[in-house]
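Sequence positions, counted from 1, serve as the residue numbers for this chain.
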Amino acid sequence: MWWACSFRKPTLSFSNNFNLINPTHRLVSSFKPFLRELEQHVFRIDVLKAAVKNTSAKLLDAFVDSTFEFVDYPLDPSQTNAATVDEIKEAAVITNIHGNIPSEFPQGVYIRKGPNPMFGGLKSTKSIFGESSPLWIEGEGMLHALYFSKNINGNWTVVYNNRHVETDTFKLEKLRNKPSFLPVIQGDPLAVCTSFLLNLVRFGKPLKNTSNTNIFEQSGKLFDILTLEALDDWDVNGAWNRSFTAHPKRVPGTGELVTMGIAVTKPFVEVGVISGIIHKLELDRCPLCHEIGVTNRYIVFIMDCPLTIDVNRFIRGGQLIKYESEGNARIGIMPRYGDADSIQWFKQKPNCTFHVINCFEDGDEVGVWGCRALASVVPGPDQGSKKLEWFPTKFKPAPGKPIEDAILEDHLLFPRPYERRLNVQTGDVKERNLTGPNHFPMDFPMINGAFTGLRNKYGYTQVGHCDSSPAPGMERFGGLAKVNFEEENNEVSIKVEYHIFEKNTYCSGAAFDPKEGGVEEDDGWIITFVHHEDTSISEAYIIDTKNFLNEPVTKITLPFRVPYGFHGAFMPIQLQITDSSNLMKLP
């Protein structure tokens, strides 16, 4: 073992250690020729090992190239906006703006993240081992940004830019200039297992780091806001060694960031407060949980659900990611500064709650509002099913259609607002749907961020469009909803206002932007990218949340197409933009 350690850094090890000894020492002098020869010998071994490693890598690459065929992942021909786009290389000033940007609208940048796979789209593989394919949510992340700057005369300049998130695996494949990572999530067991091992041996990791879901700022650690260049991987100064949830939360009052990460080996889940506390939760499985909630005193773990990642199941020939409709589900509540043993579990009916609207305390109860579904869009249809026919059949009918045509609740795939009241003293659970069966599906919720962890009145969501026929996996959102948690239309639904877009127009990455100096919770705007399928034109809409049913106050026609994506955020920041050169800088 000592020699193995020496061989890793042979020259440095010998020369540094022996040079520290007094050079007049006779023993050292007599050994100098031997040491020089030994150093040269070790160096030759190191070079030989590097050559063997390089040759092995080339042989493995040759084996993959000759055995695996990369093929395009199938897309519904009707969903042209799922196609990838190129980086534009240079930011573009936008001149086509309909309506006026409100004078109270803050200067800043709206950024939305989403998948934009390299090499023209997602790739499946065919080989002698069978077929393997990615999930529809995969694909290298791309940032799409709108910059808003106002001069001293009150005139606005708007600039658009985009850029890939250059993770380590993105750079690796870009350097190779071809698809290299084999898909490993679903497919024939032998093909998936072989692909998993080959990725691990060739690249040191089985999966690509796509970084395509969400964006947030923490202590100035973001992207270069002007160039969209990724600064670095952030591991909280070495304290965090696993994935980051896409939806960390800030504690009301303190501003501490609470996050969560999962792993396929124990401990399956860790919850962390960035101030320095990490809780390792003792679970008997790895739930594919996407969210975490906070209140003044508690961390809300949402949730230990029956959508799991199971390597043992995968080794036995099953799915790596699977939703088990008969599995158990539970929500955990723990004091923010407690330990893993202080978590209190509340049993739930099997469900998937990917997104939380908000959590809050109300006496002995912790309220949890989320978008709940009784099935999962991840990983998608079972192997061998007709993928292009699977998705639309799971939609609820649009408002106005007869109630008897509604699909039974137990077959509801897409989410709608749901309330849970968890009593931390008695352990009791009260829960209910917040909208009736004839309401649209709702997901990708947002609130005024000042109310995170506190009781709030309003929430906003994207509205699933029931009459569309999207590609397998990604739902299309034909509008926005404003929900009022304090006002009920009837005994089965809270008040909901819908802002429905034009026909065949869909949004993604909607974000709430509070009004500067706003007094009421809903003083602000929703900003979102939209795409018109009939004309292939992309726009950004700004909608006044006080007058939610009105037309957008501003429609910004983009010079490039923006594919559908996941989450967006608006970040207030002072910018200076020079029209002539498209140069952006901080004042």
Side-chain angles (χ1 to χ4, degrees), residues 4 7-8 49-71 73 115 117-119 122-141 165-213 233 235 238 240-244 261-270 285-288 308-322 378-379 383:
F7 286 166
R8 291 192 184 108
K49 287 178 67 178
V52 171
K53 182 179 179 180
N54 187 47
T55 302
S56 298
K58 289 182 178 180
L59 288 173
L60 279 172
D61 284 347
F63 172 74
V64 169
D65 291 343
S66 62
T67 306
F68 291 84
E69 177 190 4
F70 285 92
V71 295
Y73 188 74
M118 300 175 70
F119 312 113
L122 291 175
K123 306 295 182 184
S124 300
T125 59
K126 297 180 179 180
S127 69
I128 57 174
F129 306 106
E131 299 182 8
S132 65
S133 60
L135 290 181
W136 60 271
I137 57 176
E138 294 186 68
E140 285 74 19
V165 181
E166 296 192 357
T167 65
D168 55 344
T169 56
F170 174 90
K171 293 176 181 177
L172 186 152
E173 285 199 315
K174 184 178 180 180
L175 183 64
R176 286 168 165 252
N177 197 31
K178 64 178 181 180
S180 300
F181 274 83
L182 302 169
V184 301
I185 299 299
Q186 53 188 355
D188 297 315
L190 183 57
V192 172
C193 188
T194 303
S195 299
F196 188 98
L197 293 174
L198 284 170
N199 286 346
L200 195 61
V201 171
R202 296 168 74 208
F203 309 121
K205 57 181 63 179
L207 296 168
K208 287 196 285 187
N209 176 14
T210 57
S211 186
N212 68 10
T213 310
D233 290 335
D235 61 1
W240 197 258
N241 63 354
R242 58 183 56 215
S243 62
F244 234 75
I262 62 174
V264 297
T265 56
K266 290 186 176 181
F268 295 119
V269 178
E270 288 188 359
R285 62 184 180 181
C286 176
L288 188 56
T308 59
I309 305 173
D310 191 332
V311 174
N312 290 326
R313 180 176 62 212
F314 163 69
I315 292 173
R316 295 193 301 267
Q319 293 175 269
L320 181 63
I321 301 175
K322 183 178 181 181
V378 176
Q383 184 71 15

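To the nearest 0.5 angstrom, Arg285 atom CZ is 10.0 Å from Arg313 atom CZ. Remark: Asn209 CG to Phe181 CZ distance equals 9.5 Å, nearest 0.5 Å. In this structure, OG1 in Thr210 is found 10.5 Å from CG in Leu135, a value given to the nearest 0.5 Å. With rounding to the nearest 0.5 angstrom, the NZ atom of Lys205 is 9.0 Å from the CG atom of Leu172. Here the OG atom belonging to Ser127 is positioned 9.0 Å from the CG atom belonging to Leu198, to the nearest 0.5 angstrom. Atoms OG1 and CD, on Thr308 and Gln319 in that order, are 9.5 Å from each other to the nearest 0.5 Å.
Not counting sequence neighbours, the partners of Leu190 by the side chain to side chain contact (heavy atoms under 4.5 Å, CB included) test are Phe129, Thr194. For Lys208, the salt bridge (Lys or Arg N to Asp or Glu O under 4.0 Å) criterion is met by Glu140, Glu173, not counting sequence neighbours.
Aromatic ring pairs are classed by plane angle as parallel below 30°, tilted from 30° to 60° and perpendicular above 60°; the pair Phe314 and Phe196 is tilted.
Looking only at side-chain heavy atoms (C-beta outward), Ile185 and Val192 stay at 4.5 Å or farther from each other. Annotation: side chain of Leu207 is not in contact with side chain of Asn199 (no heavy-atom distance under 4.5 Å). At least one side-chain heavy atom of Pro287 sits under 4.5 Å from a side-chain heavy atom of Val269. Residues Glu138 and Leu122 are in side-chain contact: their nearest non-hydrogen atoms beyond the backbone lie under 4.5 Å apart. When side chains are defined from C-beta on, Ser211 does not count as touching Phe170, because their heavy atoms never get closer than 4.5 Å. The shortest side-chain heavy-atom distance between Pro183 and Thr125 falls under the 4.5 Å cut-off.
Counting only N and O atoms by type, the side chains of Ser180 and Arg202 include no donor and acceptor under 3.5 Å apart.
Judged by distance alone, with hydrogens and angles left aside, the side-chain atoms of Ser66 form a donor-acceptor pair with the main-chain N or O of Phe63 at under 3.5 Å. With hydrogens and angles disregarded, a donor-acceptor distance shorter than 3.5 Å links the side chain of Gln186 to the backbone of Pro134.
Ile128 and Thr67 get closest at one heavy-atom pair: CG1-CG2, 3.8 Å. Here the closest non-hydrogen pair linking Gly130 and Ala191 is C-CB, 3.6 Å. The shortest heavy-atom contact between Val184 and Leu182 is CG1-O, 3.2 Å. In plain terms, the two heavy atoms of Phe68 and Ser195 that are nearest each other are CE2-OG, 3.8 Å.
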